[in-house]
Structures are given as C-alpha cells and as structure tokens.
Amino acid sequence: MAATGNEEQTLLPDIEEEAEGMEREMDSEEEEEEGMGVEHSEEEDEEDTSEDERENEAEIQRLEEQLSINVFDYNCHVDLIKLLRQEGKLHRLRKARQKMSELFPLTEEIWLDWLKDEIRVTEDESDREKVYELFERAVKDYVCPEIWLEYVQYSIGGMGAQGGIERVRSIFERALTAVGLHMTKGATIWEAYREFEIVILSTVQPPSGSVPSQEQQELLNAQLERIHTLFRRQLAVPLMDMEGTYAEYSDWADDGVPEMVTRQYRRALQQLEKCKPFEEALLVSETPKLAEYQAYIDFEMKEGDPARVQIIFERALAENCLVPDLWIKYTTYLDRQLKIKDLVLSAYERAVRNCPWTMGLWKSYLLALERHEADHQTMTDVFEKALNAGFIQATDYVEIWQSYLDYLRRRVDFSKEWSRELDELRAAFARSLDYLKQDVEERFSESGDLSCTIMQIWARIEALHCKNMQKARELWDSIMTKGNAKHANMWLEYYNLERSYGDASHCRKALHRAVQCTSDYPEHVCDVLLNFERVEGSLEDWDAAVQKTETKINRVNEQRARVAEKEALQARQEEEKAEHRRKAKADKKGQKKSQKANRTGDKRKAEDEYEEEWGEDAELPSKRLRGEEDFGSTATEELMETESGLFGRRAPPRKTEPPGFRKNQQRSSEALRQLQDASKEPRKDENSVFVSNLAFNLDDPDGKLRTLFQGCGTVQQVRPVFSMKGVFRGYCYVQFEDRLAVPEALKLDRQEVDGRPMYVSPCVDKNKNPDFKVFKYKTAMEKHKIFISGLPYTCTKETLEDLCKQHGTVKAIRLVTNRSGKPKGLAYVEYENEAQASQAVVKLDGTMLENFTLSVAISNPPGRKMEDKGAPSRLLGAAMPRQPQGARGKGRTQISLLPRSLYRQSTPDAKAENGTVSAPHTTVTDGVHGGPGSASLDTQSKSLSNEDFARMLLKK
C-alpha cells in the first residue's frame, strides 16, 4: 500500500544523529578489531577497507543513477538496499526502502530486515510509535506469520507503558484473526499469546501463605478465565501438533478438560485429517506450488468456511503474488461472498500493486469502489493509476475507459437540463477518444477500438438521455469516416438509432447512404430500405428506393461475376500449368530412358573394341570398368529411392583417376554393400526416425548414432546415406525394434553432435505423404513465452536462465542457431504462466547484457511459408543432375552463339525439408537442343527469329 505524504514525513524523520552514532559505533568496533594481532599490517587493512568502500560507493551511485532513469526496476531496488545495509548507511537505507515500498509490495525478508534495523536504533517512546506504524504497513502487504510474531514480541517490550497490556492483547487478537488459522504456523501465535497471559497471571497471584483480597481474587479469576478461553479457542481450530496442546491443557486444568472442549477438539482433529493430504502435498512440492494451492483452495471453498478460504488464499498469494488469475479468483470471492468493505478494497489494492498490467483487476477495482460508495476523487485517482499501469494490449485501454465512463454516466442526473456531472461526462468521452488516438495508437499502432464502441455509446447517451440528436449524428458521421462505412451492421446500428430517437427523413437518408456504401451485405441493406419505404414512404419514395436498390444489386452482381470469371481463369491457368508440368515430366522421363539405352549400347561397343585391341585373355587394367560403375550406380539409385522416395543422378564418368579415387571407390563399394544388406531387411517407417544436419566428415556415423540412440531403445539398424563417391551425405535413418522408442528418440532433436545441431524427425515417405511437414515449434502467439533478440553470441543457456528466472519460473530456454550450430543472437524463454512472461517483458526489454541491448517481446513468430509442391526435389548433399550440354546450352566442345542475357535459371533452391531440397529448374531459351533441365522447342510459346535476337543485342 503506497504511503501518503504524512506517512512519509512520519517514517522518514531526520535521525541523522542516530545514523551517525551507529556508524561511529561500527567504526569503533572495527578499530578494536584492528588493534588485535592479525596477519596483515594496519596500513594494508586500511588500504583494503578504503578500496572496498570506494567500489561499493561507486556501485551505489550507479544503482541510484539507474533508478533515476527507470524507477520501476525491481531488482535494482533490491540490490541498492542490500548494498546500503552492508555499508551501514542507515539514513540512505531508509530512503531507499521507503521509495521501494511506495512502488512495490515488499517481501517478507525485506520487511523483517527493515523492522529489525529500526528496532535496533529505537531509544525513546516517540521512536517506538514510528516502529508501530512501520509494522502496520508491513502486515498489510502480505499475511505473514513471522511478521505478526515479530510485531507482538515488539509490542510486549512496551507493555510497561500506560495501556501497554491492552495494546499487546489487541495486537495478539488481530494476529489470531489474520494468521491464527494457518495450519502449520498459526500455533506459534497461539502459544505466544498463552505464554504472555501466563506471565501476567504470575504478576496478579498473591504471595504464598497470604489471603488475597476480593479485588485480587477477581483479577486472578479473570486472568485464569482468559487462559482457559485461549486453550478452548485454540483446540477448536485444526492446527498441526494440536494433540500436544490438548495434553498441555489437560495438565494445566485442575478440573480436567470440559466435555464441550473435547467435542470441539475432536471435530478439529477430523478437519485436520481432511486437510493433511493438501498440507503434505505443499510440503513436498517445489515453489511456487500453484497447482497444490489451487487444489487446496477448491477444497476449502467446497467446505464453505469463509475464514479458512481466506487464509488459504493468503498463503497461496504470498508465494504466487504475480499470478493475476489467483488475485482475480480471490477478489471475486471476497466481493461476492463476504462483501466486507475494508477487506474487499484492501485485497483489490494489493492485487493491482502486484499485477498492475492486468486490466481485469483494475476494472473490478473500480466497480468495487463504486459498489462501496467511494468518493469521486478516490475513483478518479484509481482510474489515473490504471492508465499508467502499462497494459499489454490496446483493447485493455478501451475496456478501462468504458468502465470509467460507465461510472461517470451513472453519476449524472439526466432529469436536469444541465449539470456539472454531465459536462464532466462529455469531457471524459472527448478525452478518451484523444487518448486512444494519440497515446494508445502511438504505442500499439492501433487504437484498439476499431468499431468505435465508445463513440457509439456516447451517441446513444446523447440521443436517449440528452435528446441531442444533432450531436449523435455528428458522432456517427465521424464513425463512418473511420473505415466503417463499408460494413452493413454499422449502418443498421445508425438506422436503429434514428428510428428510435430521430425522424423518418434522416432514417431514409441513412439507408440510402448505406445502400451506396455497403460492400459486405448489400442485399440485406436493400431489403431494409424497401421494407422501410413500404411502411413510411410515398410512391415517389418507393420508386426511388427500387431504382437505387436495383442499380446497387446489378453493380454488385457484375462485380461478383468479374471476380468469379477471374477466379475461373486462374483455376484454368493452374490446371494448364499442372498439365504442362506432367507433360514435361513424361517427356523428360522418356528422354532419360532413351539416353540410358544409348549409354548401354556405347558401353558394349567400347568393350568389343577393347577386347579386339588387347585380346580375350589379356590382363585387364585395375581401373574400374564402366559397366561395373553403371551397375553400382543403378543399384544405389534404386536403394536410395527405397530409402527416401527420391534419388540423385550420377556425375559424368571421368577419363582419368583423380587423387583418392581408389579410396572413394572402396567406400562406394562398402556403402553399396551396406545398402544392399539393409534392403534385405524389412523397412518399418513407424519404428524409424530421420536424422539430418550431420557433418559430412562425421567418422563412423553408424557407430556414433547407435551409441547416441541406444538409450531410447534397441537399435535394429542404422542406414547412413552415402553419395556415389562414398561420401557421407549428412543424414541417415535409425530403425528401432519397438515403435515406443521413437518418441524418446525425437526428444534428442537439436542435440549437438560434433558441434552441429542434429535434427531428428519422424520417418515419413514423401511419395505417400507429400504434404507432410515437421516443425517442432508453434508459429502462433504464445503469451507464456517471450522472444529475446540482440543477445551476444557468447550467451549461454545458464547466463540467460540466471537473467530470466528473476521474473518467474523458467520452464524452458531455446537458443536459436543456424544449421552449423552457431548462435544467431535470438532466444525463446518459456515461463510458467502469462503473468510471469508479461512481467519479464516489462522488466527486461531495453536492458543491457554484455554491452548488448536486449529487445524482449511476447513470442509471436511469423507463419512458415509453404513450399512449391510442383518443384522437383533431389537428395540433400547430392550432386546436381548431369547436363549433356555445357553451361550455355551446347556441348562442352562446341561454341554457343546464344547471348548470355538469354540464359537464365528460373528458381533458386528451395528450403530443405526432412533431408531433401528442391532442385533448380534451369530454363534455356534455345530452340535448337532440348534435354533434361532445358525447355524443348515444343514447350516454348514462340520461337525467336533473327530479328528478335538482333533487338535483344541492341538493347544490351
């Protein structure tokens, strides 16, 4: 609860002498320690101390300067308070704590440190009163048994003053009301209260052997009754270790425990047994224990005890103070069930201090203030605070303005022709429109009120209550100029307003304008106009309406016909393109078969010539024969088609052996044998995963991947894919004996292997499922996840987690890398809920990390672009298809007369998807030679003449 100006003067007195005296005491203690024999010399100690002081003072100044720039930096406040307390600068420490308490609710630890520091320097009674005021502020932030226990213990120290005992008892009673039902910590307050009363009893007992007077006996009996009452009250409350309390009461009571107390004790024990499972769940779970608290709250709400419901809500909020849903649930319960003014308004005030970005809390707060008849100034102050709270959506500002305008409207007495409240309402409407247009639109690039709801409400109020149709029409004219004139529902709303509070002439004008401007439902608007003229209009009006509606309908039908014709044309063009692709594919396949047959004939001819030259029995060279190469290539291509549904094409045979040719030849033979062996085993895609983005130079991919995936299940086989030269292509298939191992294997996605992220995805045959796509992450907005850009490339997950966990529970962190594993400076951080993510955005956006400015926003990645399904594909890492022509469309030994400007490539490579990429479709505008990768003469729309070539050359 923010302190008022008087509280600031009271709680921040000028006690410079106390602070200086305390610092002098600390200095004297340090001097005494220095006087004792230690290892270092006095000069070295003084130098170290002065060096530490200079560093701390520099850090304090830096933190104060940072707070002057951003006063809402929570962590900066905490660091400054810790450093000032460490240095013993009491006066500056007071100011720092006071400033933070005005902005944020303080945690239990910060309050206890503050209270203990103030208690330590308290000397006279006036100082004690200031500490009492500080305690009153502390117990309002959160319900903490430790703070209440410290409060009552401190009040016991002042029991010697006039009325001190009654004051202590009053504080104890308030503490029992606040935390006496706390099942695990409430017993400490009860026991402290009993111990206090027992001490008081010892002071009123007469000396042994003396006869007490009547007055002494009455005091004694009254004190004994207080203790009996405390025992009975405590035994009626379910608390941990209440069996010990019952045994203690049995020993203390001379006449034994009354039967009624025993019955209450047993009922409390039964209630304790019901609650024990929830308490045990809280005991073993980790902070913040939100799910466990939710279950506990639901149980207590079913039980129906308001006091117990309140205490469990308070316990949950102490550990989950930044969860808006929990505050909303608590305040709604108080507002609808208990309806106690102080309790309800206090809860709302604490809620909006903890979660100021939640518009729903501010809206309910305004309603609660109005419901409990708060004064107008208080309502206005709360509304102004809401406007400065920093909502995360433009529509939130529209809703909070609507709530405030509703309140102002309810204040106006419309029976009077003029009133100050009416002027204030109109001024607020005008201010709301300016605020949405300037402040909100500048921040969010939109006003949040696309349908002009606030202006519609204002127009209806002017028409209904103020009988000012002229103002209402002006407002509707403004609404229509903001892009709403094309919507039929907006015109019909305006027509209904005129129909209810205007006249027939303006109704007719509105409908005629609607027929002219509407583009979404023109038939409906035309029907409304015709029906209106049937009831209200003359024959001339009817004829004009029919003519106008027929013209509109004819124009709309023409537009729709043009659109339909255009869509049909596009559909035909798509069909023609698809047919053209199918025909080109069939032609290409036929050419491929003819070329393969020609190559087989050439091989046989070459073998015959070779035998004639060397003789049948001559020793053949060690060089691999072309026939063997063709067999290996064909077999490998067939196996590759089995593995992925696609296959590459061989590079043209070389005349000479390059360096390392024999080694590659052996690896190719080995790869061929492996693929042939693998082909003998049955393929099970449902038991397999596809692994890609591996390094091409990965040694022993079979062994490495078996070791990597053996923890997921029994690996039946690993099928690495090699090129024709025996080079590993960077991807493979891992097949398990059991399909249950596949989900475990998919969890290894993005794990680093030799410095690169390994991609693991389901094994799907693209021929059977051409539209199958695998993308691990969502592309829609995730409000519980934040996106961070501008990170240093050296940032690690641990560094980012340390930075982000200060604002909530971090569930997952993903550093975005490229395919080689190098970071991009981007990251996604997932929080437990939307509130924590919103808090992180507010706190982290614009902060510095290693001299890099971070940009933080709610995760809303752009949609992924779909690939062109008609584009051909090839294997990742495979060579480009061999072209019979050179780079300019002719044979390698021929001279091409085709200008370079006429040679082009139509599309670049498509993106890789699950180990495949789209091959480029090369188009050569030459009508002489056709072949794979080129457009034949038949597929060209028109052959180019010599004049066409001349014009192209002149343009160059």
Side-chain angles (χ1 to χ4, degrees), residues 1-4 7 72 101-107 136-144 174 177-179 290 293-294 297 300-301 306-307 309-393 396-408 410-411 833-835 838-839 842:
M1 184 183 202
T4 62
E7 288 175 339
F72 292 99
S101 68
E102 293 173 1
L103 298 172
F104 305 101
L106 304 186
T107 62
E136 289 296 330
R137 292 177 55 197
V139 296
K140 289 179 180 178
D141 272 355
Y142 301 109
V143 175
C144 300
R174 291 174 56 202
T177 303
V179 296
L290 183 59
Y293 274 121
Q294 290 280 15
I297 289 170
E300 291 292 359
M301 293 183 75
V309 173
Q310 185 183 354
I311 189 62
I312 192 58
F313 263 119
E314 293 289 353
R315 289 175 61 184
L317 289 168
E319 297 189 46
N320 299 275
C321 59
L322 298 179
V323 180
D325 292 341
L326 194 58
W327 281 108
I328 292 173
K329 191 173 182 180
Y330 182 36
T331 52
T332 303
Y333 174 80
L334 295 177
D335 219 353
R336 296 179 180 176
Q337 301 296 327
L338 299 186
K339 301 180 181 179
I340 301 173
K341 177 180 178 180
D342 294 339
L343 193 60
V344 171
L345 298 184
S346 173
Y348 272 116
E349 185 176 2
R350 292 159 52 207
V352 296
R353 289 187 67 203
N354 281 278
C355 304
W357 63 88
T358 307
M359 184 278 305
L361 287 172
W362 288 102
K363 183 178 178 180
S364 301
Y365 190 12
L366 288 173
L367 291 173
L369 286 170
E370 185 181 2
R371 194 176 294 117
H372 293 285
E373 299 179 351
D375 59 272
H376 178 61
Q377 187 59 44
T378 301
M379 294 285 297
T380 303
D381 292 342
V382 171
F383 171 69
E384 294 296 335
K385 289 180 181 178
L387 288 183
N388 297 323
F391 299 141
I392 59 177
Q393 293 179 349
D396 291 343
Y397 288 95
V398 177
E399 290 194 42
I400 199 66
W401 267 110
Q402 286 179 334
S403 299
Y404 184 60
L405 293 170
D406 292 344
Y407 156 72
L408 293 178
R410 289 189 284 266
R411 291 178 68 238
N833 53 54
E834 173 186 345
S838 302
Q839 181 75 0
V842 174

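Since we're looking at a predicted model, the values are computed, not measured. Residue indices begin at 1 and follow the sequence shown.
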Indicate the atoms forming the closest heavy-atom contact of [X] with [Y], along with that distance.
| X | Y | value |
| --- | --- | --- |
| A347 | Y330 | CB-CE2, 4.3 Å |
| A368 | V344 | CB-CG1, 4.2 Å |
| N354 | L322 | O-CD2, 3.2 Å |
| A835 | P324 | CB-CD, 2.8 Å |

Qualifying residues under side-chain hydrogen bond (donor to acceptor under 3.5 Å, both in side chains), relative to [X], sequence neighbours excluded:
| X | answer |
| --- | --- |
| N320 | none |
| Q377 | D381 |
| E136 | Y151, R174 |
| D375 | T378 |

[X] [atom1] to [Y] [atom2] distance, which is reported to the nearest 0.5 Å:
| X | Y | atom1 | atom2 | result |
| --- | --- | --- | --- | --- |
| W357 | D396 | CH2 | CG | 13.0 Å |
| Y333 | M301 | OH | CE | 6.5 Å |
| L326 | T331 | CG | OG1 | 9.5 Å |
| F313 | W327 | CZ | CH2 | 11.0 Å |
| D406 | R411 | CG | CZ | 13.5 Å |

Practice task
Could you walk me through whether I340 and L334 pass side-chain contact (heavy atoms from CB on, under 4.5 Å), step by step?
Solution key: CA-CA 8 Å; I340 301 173; L334 295 177; over 6 Å; no
Handout entry: N/O donor-acceptor pair under 3.5 Å between D141 side chain and P105 backbone
Key = no
Problem - Pairing residues for H372 by the ring-ring contact (aromatic ring centres under 6.0 Å, His included) criterion, not counting sequence neighbours - result: none
Handout entry: Contacts of Y293 that satisfy ring-ring contact (aromatic ring centres under 6.0 Å, His included) - sequence neighbours left out
Key = none
Handout entry: salt bridge (Lys or Arg N to Asp or Glu O under 4.0 Å) against D335, all qualifying residues, sequence neighbours excluded
Key = R371
Handout entry: Set of salt bridge (Lys or Arg N to Asp or Glu O under 4.0 Å) partners for E370, sequence neighbours left out
Key = R410
Handout entry: Inter- and intrachain pairs under salt bridge (Lys or Arg N to Asp or Glu O under 4.0 Å), touching residues 311-324, at least two apart
Key = E279-R315, E314-R350
Practice task
Start with the C-alpha gap between Q310 and V143, add the side-chain angles, then the distance that decides, and say whether side-chain contact (heavy atoms from CB on, under 4.5 Å) holds.
Solution key: CA-CA 10 Å; Q310 185 183 354; V143 175; over 6 Å; no
Exercise for the section: Could you tell me which residues satisfy side chain to side chain contact (heavy atoms under 4.5 Å, CB included) with L387, sequence neighbours excluded, listed by chain and number? Expected result: F383, E384, Y397, I400, W401, R431, Y435
Problem - Sequence-distant partners of T177, side chain to side chain contact (heavy atoms under 4.5 Å, CB included), two or more places apart - result: none
Would you call [X] and [Y] a side-chain contact if the rule is heavy atoms closer than 4.5 Å?
| X | Y | result |
| --- | --- | --- |
| I297 | K329 | yes |
| S101 | R137 | yes |
| I392 | E834 | yes |

Practice task
Applying side-chain contact (heavy atoms from CB on, under 4.5 Å), run through H376 and L408 and close with a yes or a no.
Solution key: CA-CA 9 Å; H376 178 61; L408 293 178; 3.8 Å; yes
For residues 358-367, tabulate all N or O donor-acceptor pairs below 3.5 Å that involve a side-chain atom, not counting sequence neighbours.
| residue | atom | partner | partner atom | Å |
| --- | --- | --- | --- | --- |
| W362 | NE1 | P356 | O | 2.8 |
| S364 | OG | G360 | O | 3.0 |

Exercise for the section: Test T380 against Y404 for side-chain contact (heavy atoms from CB on, under 4.5 Å), laying out the working first. Expected result: CA-CA 8 Å; T380 303; Y404 184 60; 3.4 Å; yes
